[in-house]
Structures are given as C-alpha cells and as structure tokens.
Amino acid sequence: MDQTRSLSPIRAEVDTTAITANIRRCGELAGGAAVMGVVKAGGYGHGALTAARAALEGGAALLGLAQPVEAIALKRELPHAEVLAWLLTPDTDLDAAVAAELTLGVAAPWALDAVEAAAERSGRTVRVHLEVDTGMCRAGVAPEEWPAVVARARRAEEAGTLRVEGIFSHLACADEPGHPATDAQRERFEAALADATEAGLRPRWRHLANSAAVATRPDLAYDLVRPGLMTYGISPVPDQHDAAALGLRPALRWEAQLSTVRRVPAGSGVSYGHTHVVPTDRWLGVVPLGYGDGVPRSASDRAQVAVHTSTGTLLAHVAGRVCMDQFVVDLGPAAQGTAPAAAGDRVTLVGDPVRGEPGVEDWAAWTDTISYEVVTRIGPRVPRTGPGGAPLDGRGTRRAAG
Ligand SMILES: *Cc1c(COP(=O)(O)O)cnc(C)c1O
C-alpha cells in the first residue's frame, strides 16, 4: 500500500458501509427481489473491487459489469462471486472469459454462436443471460430474431455447452416516471419470456429494472434488479426524490484542501479568459483539482464547494474557468481584513447534501449532465480511500480491478 497517496488531502473517500446499506435498501424497494450490484466503469468511479466487496456484504446475488476485461479482473479477486459481463464484441477473448468462469450476457445471434464455440473449446458449460431488446434499440437480441435465439439456446443447453441462467432487458425511459415506453417494454419483455418458456428455457433470473425502475416501479422487479447508480447512494430520479428520501446514503466524498487564500482588488479578472471579474475586493481560494481530475470544465463559474474553516463551513462559488489542475473559488468580500478561510482548509466538492454539502446530483445539475457522468469521470489522479483517508479494505488504492 502506498501511504503517501492514501493520506493525500486530495482524495475520493468511499464509505463501503453506505454501499452495503444501499444494496440492502434496493432489495427492500424491490419487494425482496435479489439484487445485482452493478460495478462497471470502476464501480461508477468508486473502485470496482471496493464496490463489489461492499455489495456482496449487502447480500448482492450477482455482480454486473459491461466489459469482460473488467469482469475478469474482478473475478480474479473474488473467485466465488457470480460475475456477469454483458458487453461482448466479435473480437472479445471469450476463451479468457470462459476460463475465468464469467457468466456472459448474450445480446446478439452472433454472440450465441461465439459463446457456444468457446464453451465447446473449453469443454465447460457456460452460464449465460440472454438479453432481449424490448425497445431501447441498443443492446439485446432484436424481437424478430428472439424466437430463433431462444430455440438455439435451448439446443445448446441440451448439448451441455450453455446454461441459460438469466433473461434480461434494459429500460430506456425509467427515469421519467409515467413514460409510456416503460410499460411497452414490460409487455415486450413478458412476450419474450413466454417465447423462452415455450422453447423450454427455465431461467432462474428474469431481470429488467435499473436504478430508476427500482426507485419508481417495484412492479418491474421480477427475480432480480440491477441498480448501478443507487448502489452508490445517488438518486436516479433527482427531480422526484433525493437520495435521502429513497433511503440511500451517498458513498462518495470528494475532498481537497485549499492550496492558497489571497485577497484581490475589485476589477481583477480570475483564471483563463477572465470570464469572472470580481465586483468588489474579494478573498479567493485555490482548489488543487481540475478537469484533469474529472472536475467538469462546464462547472466554470457555476458549481459550489463547501469550505470547512476554523469557524464553520461556507459554500463558495467557482470563480472563473476550471483549469486542468486547479480552480478558484470566491470566499467572500474583503471589506474586513480577516480572511474567511486559510490555506490548508478542507474543501468538499462532493459530500452529503443532508449536511448542507454539494451532492453528485448538484454537480450534474450545474454542469448540464447526469450524476453517472460526474462520478465516472473522477480521474486516476484522485486516490480512492476509505473515510478520513483511511486505506480501503486494508488494501490501499489498488488499481487492478479499478
Ligand atoms: C449500467 C447498467 C445498469 C445499471 O444502470 P443504473 O441506471 O445505474 O441503475 C443496469 N443494466 C445494464 C444493462 C446497464 O448497462
């Protein structure tokens, strides 16, 4: 473990107990359905291995990731976990995926052939989840190809090459409660399940619900739900319910330390392009994080951070453009001589809104994006630690599995 890095004042602290509790909460919201912890993209920026361990602790029945390479890295650390990877391409090394004992998502007819061939080469029975497109037009077997795919999958089961453990689909509009596409997708999913039954498949896991559906449509839980964002304590429907109202706890705390505090006279232009000109004499602070660390450049002149000073916490606006490595915040008027903050004061970019700190959802709103993008962009220069900078899981900030 690298002590220096994990004790860095700049860090993304991950509270694994929050992830564990959020997984349990998702199970409750889903009426007792099983839960898959979705830990793709480095556990939504929190660290795949960290998130996976915490999700298993919370009773997750499966772990889900997109790319087989990320799943293989995780499976190496957690050999007893059931790990599903659903994003195959024709050049995916399926022999490695099969050797690693991944469960594979099959989302196209060619993938069924390829996985079956890999299973034959290995002499094993490969567990698969078949994905049907019910109206998102992204991944998933097209409706017109589905009957043939389930029939062939059943023959592969009889031949002992594959075992169809799951059938799933993905919702396009679940984050807009009441959107008619969701019910249309449910109906097509029901029809696809009926086709599978008719073909003789008896999947253990039928699954459709992402976070937004877990939050708003418990009737779509089936056997298993696949919350990603909610695993990390972030609301998938921030306009309807904040995370606390959903019974979730944010797992991420993004911290830094003011590197400088100084007074500037009225009329001073701040940062590149002088997009911000201070109206009066002001105190400014410098935060040593920038877009090279995942602070969105579109947060320039828009976002706020919490600065924890010796006398309390103040919210400070980003002043001027976010740079690659640093940005400036406005700490207030400099009419009186005393600085409201000092170099070394702790700065919270992302904390707990319940405590008056900015949340991931706030950054998403300030930067015209979604919470998913905010967390997955936090860069490798930001060490992931436990609360207070403690090493994660006693293993420091290992990068192997994200
Ligand atoms: C990313 C993903 C999820 C998780 O989505 P959230 O909105 O984060 O809950 C579930 N299923 C699939 C197929 C995904 O790609």
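As a basis for the values below, the full set of heavy atoms in this structure was taken, side chains included, without hydrogen atoms, waters or symmetry mates. Indexing begins at 1, ligand by ligand and atom by atom, following the structure's order.
Of all atoms in ligand 1, listed by their number and element, those nearer than 4.0 Å to a heavy atom of Tyr372 are 6 (P), 7 (O), 8 (O). Atoms of ligand 1 found under 4.0 Å from any heavy atom of Arg138, numbered from 1 in the order shown, are 15 (O). Set against the non-hydrogen atoms of Pro227, the atoms of ligand 1 under 4.0 Å away are 9 (O).
Residue Gly228 places at least one N or O, backbone or side chain, under 3.5 Å from an N or O of ligand 1. Between Asn210 and ligand 1, a contact under 3.5 Å exists for no N or O pair. Here's the thing with Leu229: one of its N/O atoms is less than 3.5 angstrom from an N/O atom of ligand 1. Considering backbone and side-chain atoms together, Arg226 places an N or O closer than 3.5 Å to an N or O of ligand 1.
For Pro236, the closest heavy-atom approach to ligand 1 does not fall below 4.0 Å. Residue contacts with ligand 1: His207 is excluded, as none of its non-hydrogen atoms falls under 4.0 Å.
Between Arg346 and Glu255 there is a salt bridge, since a side-chain N of the basic residue sits under 4.0 Å from a carboxylate O of the acidic one.
Here His129 and His207 bring their ring centres to under 6.0 angstrom of each other. For Phe189 and Tyr222, the ring centers sit closer than 6.0 Å to each other.
Not a single donor-acceptor pair under 3.5 Å links the side chain of Thr92 to the backbone N or O of Leu88.
Listed by first and then second residue, the salt bridge (Lys or Arg N to Asp or Glu O under 4.0 Å) pairs that reach into residues 127-145 are Glu82-Arg127, sequence neighbours excluded.
With respect to atom 14 (C) of ligand 1, the closest heavy atom belonging to the protein is Lys40 NZ, 3.0 Å. Of the protein's non-hydrogen atoms, Tyr44 OH, 2.5 Å is the one closest to atom 8 (O) of ligand 1. Residue, atom and distance of the protein heavy atom nearest to atom 9 (O) of ligand 1 are Ser211 OG, 2.6 Å.
Sparse packing is recorded around CZ of Arg377, with 12 or fewer heavy atoms of other residues, nucleotides or ligands lying under 6.0 Å away.
Put simply, the residue from Arg202, Arg206, Arg204 that forms a salt bridge (Lys or Arg N to Asp or Glu O under 4.0 Å) with Asp223 is Arg206.
Thr17 and Arg249 are linked by a side-chain donor-acceptor pair at a separation below 3.5 angstrom, with hydrogens and angles left out of the test.
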